[in-house]
Amino acid sequence: MARPRVLSGIQPTADSFHLGNYLGALRQWVALQDTHDAFYCVVDLHAITLPQEPAALRRRTRVAAAQLFAAGLDPDRCTVFVQSHVPEHTELAWVLSCLTGFGEAGRMVQFKDKSARSGADTASVGLFTYPILQAADILLYQSDEVPVGEDQRQHLELTRDLAQRFNHRFGQTFVVPRPYILADVAKISDLQDPAIKMSKSSSSPQGIVDVLEEPASIRRKIGRAVTDAGSEVRADEESKPGVTNLLRIYSALTGESVSALEQRYAGAGYGSLKKDLADVVVDAFAPIRERTEKMLADEGELDRLLARGAARAREVAGQTMATVNDRMGFLRPA
């Protein structure tokens, strides 16, 4: 029986993934390659919806890919590639753009949120149509399932609507993807402001722990993490959001339940919790950091792995686009 196909992507917009990326996505992707026909891409086309310095984007794309392999993605068990290496992404995005209503695109919450930060007048058309390119990413590979968090659920609904619309108008062409709800994904908050999600776009540098960060810096940031009134180590979203966040990170990285951690640190205070958590985070990231550095030292091999992934991706994407072009009535070249 064929395994269900899954697709997901991550942007190369920073010099390292962070703790939230690792627990919320990367670790789940590693597990999915054993149960699914998994396609994972570094979405550099999505990255340019906001201004990027070309040399930095090129470097960060390699760093992102190296981290994916270092975190456990195996090119023999999944397909890892760079989005711009497969031109069918933008080709399908244009077709889907012509099937998407302006009001429909305008209702996407993420555009409203992102454009509000810099002003709608300065937001690019690419940022506005970002969810349509995302739909193309998914539909191009006939994905059965898409890992989603709450912030991406609306985009997946648009993808499903566009797939059904195309199928109804032009004949059965696309698989209508289902959401794959990741079980037990920890919600990781900013270390300095537990009210917001850990994020490169909204967190301060001190609120983020990076996967490739130096151990001393990791220990310093966790040691300075915001805690709450009192000294009892107890999970409580309302009165102890800072401690709850630390316990959640500890539990996610070790597999030990939050209640077991509460018992272990009963009467110990926040200092002991932070010190031990710092050790846990450093130990978890050390091998990934080491493997990433090794891969980046051999760019030729890294590029070869990405070319191999792109070839596999183009194989699938090309078949989809051939069908789409035929159904749309495009004249084939002689």
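Worth saying up front: this structure is predicted, and the values here are computed from it rather than measured. All values below were derived from every heavy atom in this structure, side-chain atoms included, with hydrogens, water molecules and symmetry-related copies excluded.
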Taking the side chain as every heavy atom from C-beta outward, state whether [X] and [Y] have any pair of such atoms under 4.5 Å apart.
{"X": "Val30", "Y": "Leu26", "value": "no"}
{"X": "Leu247", "Y": "Leu277", "value": "no"}
{"X": "Leu96", "Y": "Leu139", "value": "yes"}
{"X": "Asn245", "Y": "Met198", "value": "no"}
{"X": "Asp303", "Y": "Arg62", "value": "yes"}
{"X": "Leu7", "Y": "Asp137", "value": "yes"}
{"X": "Phe174", "Y": "Thr320", "value": "yes"}
{"X": "Arg178", "Y": "Asp144", "value": "yes"}

[Y]/[X] salt bridge by N-O under 4.0 Å criterion:
{"X": "Arg289", "Y": "Glu213", "answer": "no"}
{"X": "Arg332", "Y": "Asp326", "answer": "yes"}
{"X": "Lys187", "Y": "Glu237", "answer": "no"}
{"X": "Asp76", "Y": "Arg308", "answer": "yes"}

Let me see the working for Arg60 and Asp15 under side-chain contact (heavy atoms from CB on, under 4.5 Å), right down to the final yes or no.
CA-CA 6 Å; Arg60 287 171 169 176; Asp15 292 323; 3.0 Å; yes
Backbone N/O of [Y] and side chain of [X]: donor-acceptor pair under 3.5 Å:
{"X": "Gln206", "Y": "Gln192", "result": "no"}
{"X": "Ser84", "Y": "Leu45", "result": "no"}
{"X": "Ser189", "Y": "Lys197", "result": "no"}
{"X": "Gln28", "Y": "Leu23", "result": "yes"}
{"X": "Tyr270", "Y": "Gly230", "result": "yes"}
{"X": "His36", "Y": "Ala38", "result": "no"}
{"X": "Asp37", "Y": "Arg3", "result": "no"}
{"X": "Thr90", "Y": "Pro87", "result": "yes"}
{"X": "Ser8", "Y": "Pro147", "result": "no"}

Which pair of non-hydrogen atoms, one from [X] and one from [Y], has the smallest distance, and what is that distance?
{"X": "Ala47", "Y": "Gln52", "value": "O-NE2, 3.1 Å"}
{"X": "Pro75", "Y": "Leu305", "value": "CG-CD2, 3.9 Å"}
{"X": "Ala135", "Y": "Leu162", "value": "CB-CD1, 4.1 Å"}
{"X": "Leu296", "Y": "Glu299", "value": "O-CG, 3.7 Å"}
{"X": "Ala313", "Y": "Tyr141", "value": "O-CE2, 3.4 Å"}
{"X": "Asp34", "Y": "Arg77", "value": "OD1-NH2, 2.5 Å"}

What's the spacing between [X] [atom1] and [Y] [atom2] if we round to 0.5 Å?
{"X": "Met321", "Y": "Glu88", "atom1": "CE", "atom2": "CD", "result": "7.5 Å"}
{"X": "Arg224", "Y": "Lys274", "atom1": "CZ", "atom2": "NZ", "result": "10.5 Å"}
{"X": "Arg169", "Y": "Leu99", "atom1": "CZ", "atom2": "CG", "result": "5.5 Å"}
{"X": "Thr100", "Y": "Asp161", "atom1": "OG1", "atom2": "CG", "result": "9.5 Å"}
{"X": "His46", "Y": "Thr13", "atom1": "NE2", "atom2": "OG1", "result": "12.0 Å"}
{"X": "Ser199", "Y": "Ile208", "atom1": "OG", "atom2": "CD1", "result": "6.5 Å"}

Where do Trp29 and Val80 land on the side-chain contact (heavy atoms from CB on, under 4.5 Å) test, with the steps shown first?
CA-CA 11 Å; Trp29 291 7; Val80 180; over 6 Å; no
Decide yes or no on side-chain contact (heavy atoms from CB on, under 4.5 Å) for Gln319 and Gln142, but give the supporting numbers first.
CA-CA 10 Å; Gln319 292 174 2; Gln142 305 292 356; over 6 Å; no
Applying a strict under-4.5 Å side-chain criterion to I, L, V, M, F, W and Y, I'd like to know whether [X] and [Y] cluster together.
{"X": "Ile132", "Y": "Ile138", "result": "yes"}
{"X": "Ile218", "Y": "Ile288", "result": "yes"}
{"X": "Phe166", "Y": "Val175", "result": "no"}
{"X": "Leu92", "Y": "Met328", "result": "yes"}
{"X": "Val82", "Y": "Leu57", "result": "no"}

So that I know where these two stand, are Phe285 and Phe17 an aromatic pair - ring centroids less than 6.0 Å apart?
no
Does Glu301 have more than 12 heavy atoms from other residues, nucleotides or ligands lying within 6.0 Å of its CD?
yes
For Arg58, does the CZ atom have more than 12 heavy-atom neighbours from other residues, nucleotides or ligands under 6.0 Å away?
no
Verdict with reasoning, Glu104 to Arg165, per salt bridge (charged side-chain N to carboxylate O under 4.0 Å, His left out)
CA-CA 13 Å; Glu104 188 175 32; Arg165 190 173 305 160; 2.8 Å; yes
Please step through side-chain contact (heavy atoms from CB on, under 4.5 Å) for the pair Thr227 and Leu246, ending with a clear verdict.
CA-CA 9 Å; Thr227 46; Leu246 298 180; 4.2 Å; yes
Once you measure the plane-to-plane angle for Phe39 and Phe81, does it fall in the parallel (<30°), tilted (30-60°) or perpendicular (>60°) bin?
perpendicular
